[in-house]
Amino acid sequence: MSLENIAPPTAAPAPSDFIRDLVAQHVAAEHYPKIHTRFPPEPNGYLHIGHAKSICLNFGIAHEFGGVCNLRMDDTNPTKEDIEYVESITTDVNWLLAGWADHCLGLTPAQAPFYASNYFDQLYEFAVALIKKGKAFVCDLSAVDMETYRGAPDRPGKDSPFRNRSVEENLDLFTRMKNGEFPDGTRTLRAKIDMASSNVWLRDPILYRIRHTEHHQTGAQWCIYPMYDFAHCLSDYIEGITHSICTLEFEVHRPLYDWILLSLDLPRPLPHQYEFARLSLGYTVMSKRKLMQLVDEKLVTGWDDPRLPTISGLRRRGVTAEALRNFAYHIGITKYNGVTDVAVLEHAIREDLNKRALRRLAVLRPLKIVITNYPEGKTEELDAVNNPEDEVAGKRWIPFSRELYIERDDFQEVPPPKFFRLKPGGEVRLKYAYIIKCDEVVTDAAGNPIELRCTADLDSKSGGTTAGRKVKGTIHWVSAAHAVDAEVRLYDRLFTVAEPDTEGDFKVHLNPHSLEIVTTKCEPSLRDAKLETRYQFERIGYFTMDKDSQLSTNNPQLIFNRTITLKDTWAKALQK
RNA sequence: UGUCCGAUGGUGUAAUGGUAACACAGCGCCCUUUGGAGGCGUUAUUCAUGGUUCGAAUCCAUGUCGGACAGCCA
């Protein structure tokens, strides 16, 4: 075979979408010296998987086109913001970028994120410039009057009586606003555009408001704060952003974004805004307000509750950054507002974990069995592969003895058709060990099985003469004497319906069984479990150790979170 | 009854005037010391009506449906 016929290694195809297509055109046309994007969260809550989509888009573009993406705190409203959030945002962004796009992360020379509040001085000067150009004025209308004057989408507004103040008076009033001479809500700085515009955002929008509130970054330095529309386009401009990418609801703001930059007569190139559809995911809620409500009302344990779609929650649950990035890649970028099936997320998580998780045996709901033909007091160490998907992961040994635990679900006294686990008189293979046969069922007073007495085919373990014997089922187990106990937190969907926030109170759809805690019997090697390591409890699901685990005490307590179950085609068959 | 935006299998996306494709979900089979993973197969799609064109998911017109916008929030 000639060299040319050998297929090149298949690289993951570069994502393509309407925004990347545009960027590619701009690159080809040498429109900008360098592509510069930004991710600009307001530090008023924790980041969620919808932000992850945006992060992957903005940093992905920087990555693919040799550009930079700034992390910027859009902190123009001190009443809603907190330093706790800037810290969590920084952590989450770094976590999502690690090993992928760290080199694209734009930070200040001090290695800190950018802050819109860093630009308060410049922003103030821009406002003054706008006043001098006769394009902004100080308005004394109250909030209620302002609303009346604004009109409605299908009805024009009318000019403020303060619209035609002289430049000198506006300058004087704005300076005095800044100096703290007026109480909150008494005056605003407004752009002078068009009160009859069909776009409500062009009806003399407010640029600055008075707020005698301390800011988490600038302290008591300011008592006037810029509005989003004024601060955002100019922050983009100051940072040299080329592509300012945001979600669809800002589409109607774009004319204002452009108006401010154009009115200031700034040197080109100017940044441009592009919009894409935000993520909505089935069986969860995504708005910061609703997430905040769940946290505040203690319906979850905190922002990093593993049931939440927050980045910190997903991370604690055991989802890796790579899985999240793959998910973002698979859902694409469009302007269509759809609801993504959680199955897509779940698939991305399983696909990732299958490759990396160390296999372990653990029994969630134990049922004791005794191998009557196995000597009392004997212990064997059996060979078990750590990960059939990854030879490098190696092997470990697991102890086998006369008394074991198996999963309660793996035994049925009166089995349904096609049940090929353990049943009276039936045979099953114990994973990595022997084929056993159930001879006797010991029950309690109520008739529930409490112990199974079995015999093993002692030649059937790996390497034995009957090792190749086919039995239909293989089940997991742990040696009773060697098992270590662990608390296992089984998470399920937070809501019982696919779209909990379409109407009414979303909280009525909360799933009462979204968390179940069980004490499990684990194979002894799990005593050395690590926080960063992902595990698959064979035939059950993927698990990761929770930070609540107590490891340093002389009575260590292991806690595992179930990231996600394995696909269970048997459970599905049973439902039919 | 304003302005802007959108509509492709069940779901999310691709096709940029030239064979409607991919992933997830579903279904079936094979394989399996995980009812996992994997392999193979399969079901199902261009909102409607007109127009332009040799040819339309793509361009045009009209309509329908859906979303966003009337915070001194972002």
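Keep in mind that the numbers below use all heavy atoms, side chains included, and drop hydrogens, waters and symmetry copies. First the proteins, then the strands, lettered A, B, ... as listed; each starts at 1.
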Mind running side chain to side chain donor-acceptor pair (under 3.5 Å) on A:Arg278 and A:Asn337 for me, showing each step along the way? CA-CA 7 Å; A:Arg278 62 158 13 110; A:Asn337 269 308; over 6 Å; no
Show your working on salt bridge (Lys or Arg N to Asp or Glu O under 4.0 Å) between A:Arg539 and A:Asp409 and close with a plain yes or no. CA-CA 12 Å; A:Arg539 303 211 307 131; A:Asp409 286 352; over 6 Å; no
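Here B:C72 is the nucleotide among B:G36, B:U16, B:C72 with the atom lying nearest to any side-chain atom of A:Ala143. Counting only heavy atoms from C-beta on, A:Val252 has its side chain closest to B:A68 among B:G35, B:A68, B:A23. Comparing B:G2, B:A74, B:U33 by their closest approach to the side chain of A:Arg429 singles out B:U33. Of the listed nucleotides (B:C24, B:G71, B:G67), B:G67 has the atom at the smallest distance from the side chain of A:Asn337. If you check B:C73, B:U34, B:C27 against the side chain of A:Arg211, the one that comes closest is B:C73. Closest to the side chain of A:Glu389, from the set B:A37, B:C24, B:G35, is B:A37. Side-chain proximity of A:Lys431 to B:U33, B:A37, B:A15: nearest is B:U33. For A:Asn354, whose side chain is taken as the heavy atoms from C-beta onward, the closest listed nucleotide among B:A37, B:G10, B:U8 is B:A37. Proximity note for A:Asn77 (side chain, C-beta onward) versus B:C72, B:G35, B:A74: the nearest is B:A74. Minimum atom distance to the side chain of A:Leu566 is reached by B:G36, of the listed B:G36, B:A70, B:C73.
Taking side-chain N and O atoms only, A:Thr76 has a distance below 4.0 Å to OP1 or OP2 of B:A74. Phosphate proximity of B:U13 to A:Thr334: present, with a side-chain N or O under 4.0 Å from OP1 or OP2. For the OP1/OP2 pair of B:G35 and a distance below 4.0 Å, the side-chain nitrogens and oxygens of A:Arg539 include at least one atom meeting the criterion. The side chain of A:Lys567 contributes an N or O atom lying less than 4.0 Å from OP1 or OP2 of B:A37. Side-chain N/O atoms of A:Arg359 include none lying less than 4.0 angstrom from OP1 or OP2 on B:A37. For A:Lys572 and B:G35, the shortest distance from a side-chain N or O to OP1 or OP2 is not below 4.0 Å. Checking the phosphate oxygens (OP1, OP2) of B:A14, no side-chain nitrogen or oxygen of A:Arg20 falls inside 4.0 Å. In this model, the phosphate group of B:C24 is approached by a side-chain N or O of A:His347 to a distance below 4.0 Å at OP1 or OP2. When the side-chain nitrogen and oxygen atoms of A:Arg150 are compared with OP1 and OP2 of B:G71, one or more of them lie within a distance under 4.0 Å.
Looking at A:Glu42 and A:Lys288, no side-chain N of the basic residue comes within less than 4.0 Å of a carboxylate O on the acidic one, giving no salt bridge. Look at A:Asp204 and A:Lys192 and you find no salt bridge, because none of the NZ, NE, NH1 or NH2 atoms lies under 4.0 Å from a carboxylate O.
Nucleotides B:G36 and B:C69, compared at atom P, are 45 Å apart to the nearest Å. B:U3 sits 26 Å from B:U58 when the C1' atoms are compared, rounded to a whole Å. Comparing the C1' positions of B:G10 and B:A44 gives an interatomic distance of 9 Å, to the nearest angstrom. Atom P of B:A14 sits at a distance of 15 Å from the matching atom of B:C22, rounded to the whole Å. Comparing B:U46 with B:A21, their P atoms are spaced 13 Å from each other, to the whole Å. Distance check on atom P: B:A68 versus B:C30 gives 49 Å, rounded to whole Å. For the C1' atoms, the distance linking B:G41 with B:C4 amounts to 46 Å, nearest Å. Comparing B:A57 with B:U19, their C1' atoms sit 14 Å apart, to the nearest whole Å.
A cation-pi arrangement is not found for A:Lys461 relative to A:Tyr432, the charged atom failing to lie both closer than 6.0 Å to the ring centre and inside a 45° cone about the ring normal. Figure legend: A:Arg187 and A:Phe182 shown as a cation-pi pair, the cationic atom lying under 6.0 angstrom from the six-membered ring centre and within 45 degrees of its axis. Both the sub-6.0 Å distance and the 45° axial angle are satisfied by A:Arg493 relative to the ring of A:Tyr283.
Applying ring-ring contact (aromatic ring centres under 6.0 Å, His included) to A:Phe250 and the options A:Tyr257, A:Phe276, A:Tyr274, A:Tyr228 leaves one that passes, A:Tyr228.
A:Tyr208 comes within contact range of no nucleotide atom at all, as no heavy-atom separation falls under 4.0 Å. Looking at heavy-atom distances under 4.0 Å, A:Gly185 makes contact with a base. Heavy atoms of A:Phe420 sit under 4.0 angstrom from at least one base atom. In this structure, A:Lys355 reaches neither bases nor backbone, as no heavy-atom distance under 4.0 Å exists between it and the strands shown. Using a 4.0 Å heavy-atom distance criterion, A:Tyr228 is classed as a base contact. Residue A:Val339 is classed as a sugar-phosphate contact, given heavy-atom separations below 4.0 Å to backbone atoms only. Base engagement by A:Lys418 is indicated by at least one non-hydrogen atom pair under 4.0 Å involving a base atom. A:Asn44 comes within 4.0 angstrom of nothing in the nucleic acid, heavy atoms only. Heavy atoms of A:Glu538 sit under 4.0 angstrom from at least one base atom. Contact annotation for A:Met227: backbone-only contact, meaning every heavy-atom pair under 4.0 Å involves sugar-phosphate atoms and none involves a base. Among the protein residues, A:Thr569 comes within range of the sugar-phosphate backbone only, with heavy atoms under 4.0 Å from sugar or phosphate atoms but none that close to a base. Base contact: A:Gln536 has a heavy atom under 4.0 Å from a base atom. A:Ser142 comes within 4.0 angstrom of a nucleotide base, judged by non-hydrogen atoms across all strands. Among the atoms of the strands shown, none is found under 4.0 Å from any heavy atom of A:Tyr149.
Remark: the A:His253 side chain and the B:A68 base include no donor-acceptor N/O pair separated by less than 3.5 Å. A donor-acceptor contact under 3.5 angstrom links the side-chain atoms of A:Arg421 to the base of B:G35.
In summary, the aromatic rings of A:Tyr119 and A:Phe114 are positioned with their centroids too far apart to meet the 6.0 Å limit.
To the nearest angstrom, C1' of B:C72 lies 13 Å from CG of A:Asp145. The CD1-C1' distance, from A:Ile331 to B:A25, rounds to 16 Å in whole Å. Across the protein-nucleic acid pair, A:Leu279 atom CG and B:U13 atom P stand 10 Å apart, rounded to whole Å.
Taking the six-membered ring where the residue is Trp, A:Tyr225 and A:His215 present parallel rings, their angle staying beneath 30° rather than reaching 60°. Between A:Trp222 and A:Tyr124, the two ring planes are tilted [angle within 30° to 60°].
Look at B:G71: its glycosidic torsion is within 90° of 0, and that puts it in the syn range.
Listed for the A:Arg356 side chain is no donor-acceptor partner under 3.5 Å among the backbone atoms of A:Asn354.
Map A:Ile210 and A:Ile475 each onto its nearest nucleotide of RNA chain B; the residue landing nearer the 5' end is A:Ile475.
Pairing analysis of RNA chain B (Watson-Crick: purine N1 to pyrimidine N3 plus N6-O4 or O6-N4; G-U wobble: N1-O2 and O6-N3; both under 3.5 Å) yields stems of 3 or more pairs at B:2-7 with B:64-69, B:10-13 with B:21-24, B:26-30 with B:38-42, B:47-51 with B:59-63.
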